[in-house]
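Position 1 is the first residue of the sequence, and the numbers go up from there.
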Amino acid sequence: MNVGESVTVFFYGLFMDADALHRRGFNPSSTRIARLEGYALRIGERATLVQRSSSVTYGVLMTMPWHEIER
């Protein structure tokens with residue numbers, strides 16, 4: 001992937017707040033509600049997705065520049 005390219009990413013938990021990402025210097029765009037079937041959200045020290053065929057996790061899709069994702 002080229003540094004200048006943008007990618008669409010599934011965010012869940014605290015990272016799905018576009019305003020919070022903007023405050024940290026990120027530039028998400030095209031934010032839309034999403035669901036990920038076959039995964040459950042496990043809450044521990046960090047929220048983590050775990051495969052579970054009967055589960056659904058809700059979050060958002062956001063498009064961001066690749067160099068920001070790497071950061």
Side-chain angles (χ1 to χ4, degrees):
M1 176 123 345
N2 294 326
V3 174
E5 291 184 61
S6 292
V7 294
T8 301
V9 181
F10 179 79
F11 286 94
Y12 58 94
L14 295 175
F15 291 111
M16 60 189 229
D17 183 344
D19 290 335
L21 291 171
H22 280 291
R23 286 191 299 273
R24 289 179 173 83
F26 295 95
N27 297 292
S29 63
S30 303
T31 302
R32 52 209 183 274
I33 296 170
R35 61 187 253 160
L36 184 61
E37 296 188 25
Y39 286 85
L41 189 59
R42 181 175 58 199
I43 306 297
E45 283 186 41
R46 293 183 177 225
T48 305
L49 292 174
V50 292
Q51 279 190 308
R52 188 167 299 141
S53 61
S54 61
S55 296
V56 175
T57 296
Y58 293 89
V60 296
L61 289 175
M62 293 185 217
T63 301
M64 294 178 63
W66 178 249
H67 70 275
E68 291 182 6
I69 300 294
E70 288 183 315
R71 208 171 77 185

Heavy-atom check, side chain of [X] versus side chain of [Y], under 4.5 Å:
X: His22; Y: Asn27; result: yes
X: Phe15; Y: Val9; result: no
X: Glu5; Y: Ile69; result: no
X: Thr63; Y: Arg32; result: yes
X: Thr31; Y: Leu61; result: no
X: Phe26; Y: Met62; result: no

Exercise: identify the closest heavy-atom pair between [X] and [Y]:
X: Tyr39; Y: Ser55; result: O-CB, 3.4 Å
X: Tyr12; Y: Tyr58; result: CB-O, 4.3 Å
X: Arg52; Y: Ala40; result: NH1-CB, 3.3 Å

Just wondering, more than 12 heavy atoms not from [X] lying within 6.0 Å of its [atom1]?
X: Ile33; atom1: CD1; result: no
X: Arg24; atom1: CZ; result: no
X: Arg46; atom1: CZ; result: no

**Report entry** Nearest-0.5 Å distance that lies between atom CZ in Arg71 and atom CD in Glu68
**Finding:**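 Arg71 atom CZ to Glu68 atom CD measures 5.5 Å (nearest 0.5 Å).
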Query - Hphob cluster co-occupancy, Val60 + Met64, side-chain heavy atoms under 4.5 angstrom - result: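 Yes, because Val60 and Met64 connect within a single hydrophobic cluster, where side-chain heavy atoms sit under 4.5 Å apart.
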Requested in this report: Report whether Phe10 and Val56 are members of the same hydrophobic cluster (ILVMFWY, side-chain heavy atoms less than 4.5 Å apart, transitive linking).
Outcome: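 No; tracing contacts between hydrophobic side chains, which count when under 4.5 Å, never links both residues.
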